[in-house]
Undergrad: 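Mind looking over this structure? Questions follow.
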Amino acid sequence: MPKAAYHLMHPQRRTTAVVFASPHSGRDYSWSFLRRTNLNDHTVRSSEDAFVDQLFQDAPRYGAPLIKAGAPRAYVDLNRSEEELDPALIEGVRKSGHNPRIASGLGVIPRVVANGQAIYTGKITMAEAERRIDTYWRPYHEALSAQLDQAHLMFGQAILIDCHSMPHEAMDTIARTGIRRPEVVLGDRFGAAAAPGIVDRIEEAFTSAGLVVTRNTPFAGAYVTQRYGRPSRNRHAVQIEIDRALYMNEQLIRPNGHFEAFRNVLNGVIAEIAAIGRPAHQALAAE
């Protein structure tokens with residue numbers, strides 16, 4: 001079993017309503033899981049948001065907490081509802097309605113990794129699925145909820161930045177239209193998960209750093225933004241997808257030669273985003 005459900009990095013002093021989260025960067029692949037899967041140690045990582053937690057690891061320097069997954073996405077997907085159980089994988093689950101994520105094998109306990117490669121031969125028990133949810137999914141979301149509640153209590157609002165990565169090829173269709181290939185996709189569920197002014201400022205932080213940004217296409221946000229984004233209650237959630245080619249070799253799943261330079265660029269973006277959730281008097285004092 002993976003050793004921890006999550007890792008939480010606190011700032012020395014919390015100065016912003018922003019909370020950064022990385023639910024798909026977990027890479028603690030237990031020996032028992034690797035022994036059970038059809039995939040080799042490399043292929044099983046193909047749906048992981050590798051190194052995203054490292055890209056955002058300096059968030060606490062800017063007064064914001066960072067929570068990151070301990071368990072890998074291939075083991076349990078923290079960006080799915082606990083009810084998204086796959087009848088093709090889990091014994092005793094009845095099919096009810098059509099859920100495109102479940103149908104494609106990407107429920108809370110994934111059946112496949114990238115490119116539809118099957119993780120297992122046969123099914124797993126309902127008891128095993130429930131154990132993963134109880135041990136990893138629930139503690140992660142309890143901790144994330146607590147951080148957002150604390151932000152709302154301290155600052156009157158909470159802003160969740162849900163950090164992900166996307167395959168370079170995800171933007172091929174847009175690139176073929178002649179438009180500059182987007183490097184960052186912001187997902188706010190078409191305005192349902194965050195106030196427009198907040199998303200505008202997040203976009204400005206990335207564009208000011210020289211990055212090409214688009215919104216909601218092809219990634220509008222999944223379970224996390226749906227669950228935590230309540231702009232009418234001053235609770236905002238924005239999903240960020242970053243092109244992996246900017247900082248890693250996707251085939252080898254290794255940082256590339258641009259990793260540190262890109263992380264330095266991203267630190268400036270993190271600072272700007274953290275400032276969005278900082279009270280006006282604190283922002284003026286910082287200036």
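A quick note: this is a predicted structure, and the numbers were derived from the prediction, not measured.
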Undergrad: Is the CD atom of Glu91 crowded by more than 12 outside heavy atoms at less than 6.0 Å?
TA: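 It does: Glu91 CD has more than 12 such atoms within range.
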Undergrad: Would Phe20 and Phe262 show up in the same hydrophobic cluster when neighbours are defined by side-chain heavy atoms closer than 4.5 Å?
TA: yes
Undergrad: Specify whether Tyr223 and Trp137 have parallel, tilted or perpendicular ring planes, treating 30° as the upper limit for parallel and 60° as the lower limit for perpendicular.
TA: tilted
Undergrad: A side-chain contact here means heavy atoms from C-beta on lying under 4.5 Å apart; do Thr225 and Val238 qualify?
TA: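 No, too far: nothing below the 4.5 Å cut-off.
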Undergrad: Side chains of Ser165 and Arg244 only: does a donor on one sit below 3.5 Å from an acceptor on the other?
TA: yes
Undergrad: Between Arg201 and Glu204 (salt bridge meaning N to carboxylate O under 4.0 Å), is one present in this structure?
TA: no
Undergrad: Mind listing the closest non-hydrogen atom pair of Pro231 and Gly191 along with its distance?
TA: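 Between these two residues, the closest heavy atoms are CG-O, 4.4 Å.
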Undergrad: Does Asp86 come within less than 4.0 Å of Lys123, counting only side-chain N to carboxylate O?
TA: no
Undergrad: Taking all non-hydrogen atoms of both residues into account, name the closest pair between His236 and Ala194 and its distance.
TA: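 Heavy atoms only, the tightest pair is ND1-CA, 3.8 Å.
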Undergrad: Any idea which heavy atoms bring Leu160 and Val224 closest together, and the distance?
TA: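 Of all heavy-atom pairs spanning Leu160 and Val224, the closest is CD2-CG1, 3.5 Å.
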Undergrad: Determine whether more than 12 heavy atoms belonging to other residues, nucleotides or ligands lie under 6.0 Å from atom CZ of Arg36.
TA: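 Yes, CZ of Arg36 has more than 12 neighbouring heavy atoms, counting only those of other groups under 6.0 Å.
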Undergrad: Looking at side-chain heavy atoms only, is the closest gap between Pro87 and Ile102 below 4.5 Å?
TA: yes
Undergrad: Less than 4.5 Å apart, side chain to side chain, heavy atoms only: is that true for Arg14 and Gln150?
TA: yes
Undergrad: Any ion pair linking Asp77 and Arg132 (charged N to carboxylate O, less than 4.0 Å)?
TA: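 Answer for the salt bridge query: no.
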Undergrad: Can you confirm whether Ile240 sits close enough to Ile242 that some side-chain heavy atom of one is under 4.5 Å from a side-chain heavy atom of the other?
TA: yes
Undergrad: Can you confirm whether or not the ring centre of Tyr136 sits under 6.0 Å from the ring centre of Tyr75?
TA: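 Yes; Tyr75 has its ring centre under 6.0 Å from that of Tyr136.
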Undergrad: Is any side-chain heavy atom of Leu55 closer than 4.5 Å to one of Phe259?
TA: yes
Undergrad: Flag the pair Ile270 / Leu66 as yes when at least one side-chain heavy-atom distance between them is below 4.5 Å, and no otherwise.
TA: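 Side-chain contact under 4.5 Å: no.
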Undergrad: May I ask you to decide if the ring planes of Phe33 and Tyr29 are parallel, tilted or perpendicular, using 30° and 60° as cut-offs?
TA: parallel
Undergrad: Please determine whether the number of non-hydrogen atoms from other residues, nucleotides or ligands lying under 6.0 Å from atom CD of Gln12 exceeds 12.
TA: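 Result for CD/Gln12: open.
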Undergrad: According to a 4.5 Å side-chain heavy-atom criterion applied to Ile, Leu, Val, Met, Phe, Trp and Tyr, with indirect links allowed, do Val18 and Ile202 form part of one hydrophobic cluster?
TA: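 Yes.
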Undergrad: Can you check whether Gln239 reaches Asn79 side chain to side chain, under 4.5 Å on heavy atoms?
TA: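 When only atoms from C-beta onward are counted, Asn79 and Gln239 do touch, with a gap below 4.5 Å.
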Undergrad: Under the criterion side-chain contact (heavy atoms from CB on, under 4.5 Å), which of Asp188, Leu186, Val185 is the partner of Asn216?
TA: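 Of all the options given, the one that passes is Asp188.
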Undergrad: Who clusters with Val112? Use side-chain heavy atoms, under 4.5 angstrom, across I, L, V, M, F, W and Y, and order the result by chain and number.
TA: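 Reading the cluster by chain and number, Val112 sits alongside Leu106.
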Undergrad: Show, in sequence, the C-alpha distance, side-chain angles and deciding distance for Arg73 and Glu48, and conclude whether the side chain to side chain contact (heavy atoms under 4.5 Å, CB included) test is met.
TA: CA-CA 6 Å; Arg73 183 185 186 183; Glu48 174 190 318; 5.6 Å; no
Undergrad: So do His24 and Ser47 actually touch side chain to side chain, heavy atoms under 4.5 Å?
TA: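 In short, these two side chains do not touch, never coming nearer than 4.5 Å.
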Undergrad: Hey, mind stepping through Arg27 and Asp53 against salt bridge (charged side-chain N to carboxylate O under 4.0 Å, His left out) and telling me if it holds?
TA: CA-CA 10 Å; Arg27 51 186 172 273; Asp53 56 333; 3.1 Å; yes
